[in-house]
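Worksheet: the structure to be examined is printed underneath.
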Amino acid sequence: MASKLSGILAAAKAENRAALIGYLPAGFPTVDGGIRAINALIEGGCDVVEVGLPHSDPVLDGAVIQTADDIALRGGVRIKDVLRTVQEVATAHPEAAVLVMTYWNPVERYGTARFAADLAAAGGTGCILPDLPVEESEEWRKAADAHGLDTVFVVAPSSKDKRLAEVTAAGSGFVYAAAVMGVTGTRTQVGSLAEDLVARTRATTDLPVCVGLGVSNAEQAAEVAGFADGVIVGSAFVKRILDADGDEPAALAAVRAVAGELAEGVRRR
Amino acid sequence: MSEKDYLPGAQVPDARGYFGAYGGRFIPEALVAAVEQVAEEYEKAKADPAFAAELDGLLKDYTGRPSPLTDVHRFSAEAGGARILLKREDLNHTGSHKINNVLGQALLTRRMGKTRIIAETGAGQHGVATATACALFGFDCTIYMGEVDTQRQALNVARMRMLGAEVVAVKSGSRTLKDAINEAFRDWVANVDSTHYLFGTVAGPHPFPMMVRDFHRIIGVEARQQVLDRTGRLPDAVVACVGGGSNAMGIFHEFIPDADVRLIGCEAAGEGADTPRHAATLTKGDPGVLHGSRTYVLQDEDGQTIESHSISAGLDYPGVGPEHAWLKDTGRAEYRPVTDDAAMQALRLLSRTEGIIPAIESAHALAGALELGRELGPEATILVSLSGRGDKDMHTAAQYFGLYDEQPAADDAGNGGK
């Protein structure tokens, strides 16, 4: 049976557009404020949202998301708050798919099977685990499969073709193509590595291929939408909330507006 | 550098880098190709006699190996009369054991055709050794060091810069070794084509725990023979400090098959293992994943890393190498917490009884040896890894013991506080 996530991505494809996937950490700037911000992503035009689980050691994140994670953790965000965020967003927006993006240790510590069960019960549709390579993922995938959760794996420009085939064979939902080599953060140019990576990935799988790391405006979103099935945006949203400096109405309006611009971009094929 | 079975039936690590339940490779996809390249190149290098010959030459003529074994009679008198022998890694070029691993990985970097090296450092000893090798081989060099550590180990920051390295003070998180490693990983993900991450301890993703151990095995190989030649028998115990655990793995490894030789790792207990301010990962931590491998980690119930604290920058780390986790669980090695104060007292004692000023890291092992000697009595022989010299720690020690005529301004670090 196709998952909810697969259905949403297929619907975007049927409309001849790329999907828009937005990321924000839970608990940023507060748990309830974070829920409102993620709802605003969807209201602005995101088809799918990734709820980040803030971590003490975000080794794959640039300064913007590190700052957000710090704020969330200093505010006392817990895994149960992340799950409540998923639940409230999924309840408010049944039309969207809600994923969790997290470093691996919090899941292992919480209990792999328990986390999968609680995420599914909260209405989450899957997980992205950027520091859990396929070789270490068997226990998680069993738990995810048991609860109908998708597992989205990341591929990188440095992934060789044989490796791409192994990674895409293990994943479901979509494939997350990291467009440039580096940590998260907005960039002025979308890497030229992205198009080649998407083409090489497509050769190994029928899963949709969505591109992340670096997109921050409608022009870039349109460019990526020209060759990918989805556009993933995170730091650009986080930055708007940081820039609002505690003014929540301004932060929500900014996030909604950026999502709207990007949603227009992904339709400009 | 042959691999060997060292518990009956166990070949560790296994092909996936596991020591029992610990180790593995928890890394982002962007680093998989680079880490596999390191693993493949290391296997090729191990099979290449020219690699071993070049490394042996460097260890002898550049580092000054073999390092001596020193009987410390006056110090031993304070340890219940047990005979204490120091393996003098402090006398290596650059002043610590770290150079053993750095030279091995520098040769590997050249084989891989990379031109830039990055590294993390806590006390600065790995950073200095790395900057030294980069000067020798002509590599670009960037060292990541927590801001707290750049202050309390300022001498080593100056040494690294004198050697031509860029030193980046890391201001995120606890601003110590853990955060320096995070920042080095971020650099590596972005620059992996040109850059080798010269990891400095027996942690991180496979093959680093195995490879770094192998490059430090020479400590134990030399020491075991030196003790046999000197005393006619094996020591009763081998004692080393453990932060990430590289000098300890280096001196322990050759003794693992010697079941009668106790292996004792001394962790930094800071203000006390039962206070919130310590770095006693194996004593107080739980299994988890940090910096690319499964091991013991100081963490909360949500899997967030807890900040560690130690007067010693080199031991101030909330993780530990996975092989130590495995040695602990199998019971082959024991791990004891040693407080800041016990380490500082041992530092002063060795200085005043033997004329040897040890690094604060190594002083944790000396404190452990004093305690153990009193337990074992005068018939015992204890081999201690004196992993580094204490020049870099003189500011901290001077403040701790009030050695300055007038105290410098109180706004700098070096008092173990953060």
Query - Selection from Val154(A), Asp57(A), Val134(A), Asp70(A) maximising heavy-atom pairs under 4.5 Å formed with chain B - result: Asp57(A)
Query raised in the report: Are Glu136(A) and Arg16(B) within salt-bridge range, i.e. N to O under 4.0 Å?
Result: yes
Query - Distance flag, aromatic centroids of Tyr23(A) and Phe237(A), threshold under 6.0 Å - result: no
Requested in this report: Check whether any side-chain heavy atom of Leu83(A) sits under 4.5 Å from a side-chain heavy atom of Tyr110(A), and report yes or no.
Outcome: yes
Query raised in the report: Can you say whether Leu129(A) sits under 4.5 Å from chain B via the side chain, the backbone, both, or neither, judging by heavy atoms?
Result: neither
**Report entry** Under 4.5 Å from a heavy atom of chain A, the part of Arg25(B) involved
**Finding:** both
Query raised in the report: Are a donor atom and an acceptor atom from the side chains of Thr176(B) and Asp149(B) found within less than 3.5 Å of each other?
Result: no
Requested in this report: For the pair Arg202(A) and Glu195(A), find out whether any cationic side-chain nitrogen is under 4.0 Å from an anionic carboxylate oxygen.
Outcome: no
Report summary line: Turns out that what part of Pro58(A) lies under 4.5 Å from chain B's heavy atoms comes down to both
Query raised in the report: Under a 4.5 Å cut-off applied to non-hydrogen side-chain atoms, are Phe19(B) and Thr330(B) in contact?
Result: no
**Report entry** Arg84(A)/Asp32(A) ion pair, N-O < 4.0 Å
**Finding:** yes
Report summary line: Applying a strict 4.5 Å limit to non-hydrogen atoms, the region of Gln299(B) in contact with chain A is both
Report summary line: Ranking Asn182(B), Ile306(B), Asp302(B), Thr305(B) by heavy-atom pairs under 4.5 Å to chain A gives rank one to Asp302(B)
Query raised in the report: What residues, two or more places apart in sequence or in another chain, satisfy side-chain contact (heavy atoms from CB on, under 4.5 Å) together with Lys80(A)?
Result: Arg78(A)
Query raised in the report: What option among Pro28(B), Gly288(B), Gly292(B) has the most heavy-atom pairs under 4.5 Å with chain A?
Result: Pro28(B)
Query raised in the report: Please walk me through it: do Glu120(B) and Tyr197(B) pass side chain to side chain donor-acceptor pair (under 3.5 Å)?
Result: CA-CA 9 Å; Glu120(B) 83 293 347; Tyr197(B) 182 4; 2.9 Å; yes
Report task. Write down the atom of Ala72(A), the atom of Pro54(A), and the distance for their closest heavy-atom approach. Result -> CB-CG, 3.6 Å
Query raised in the report: Under a 4.5 Å heavy-atom cut-off, does chain B meet the side chain of Pro133(A), its backbone, both or neither?
Result: both
Query raised in the report: Among residues 111-124 of chain A, which ones touch chain B with a heavy-atom distance under 4.5 Å?
Result: none
Query - Structural part of Val107(A) lying under 4.5 Å from a heavy atom of chain B - result: neither
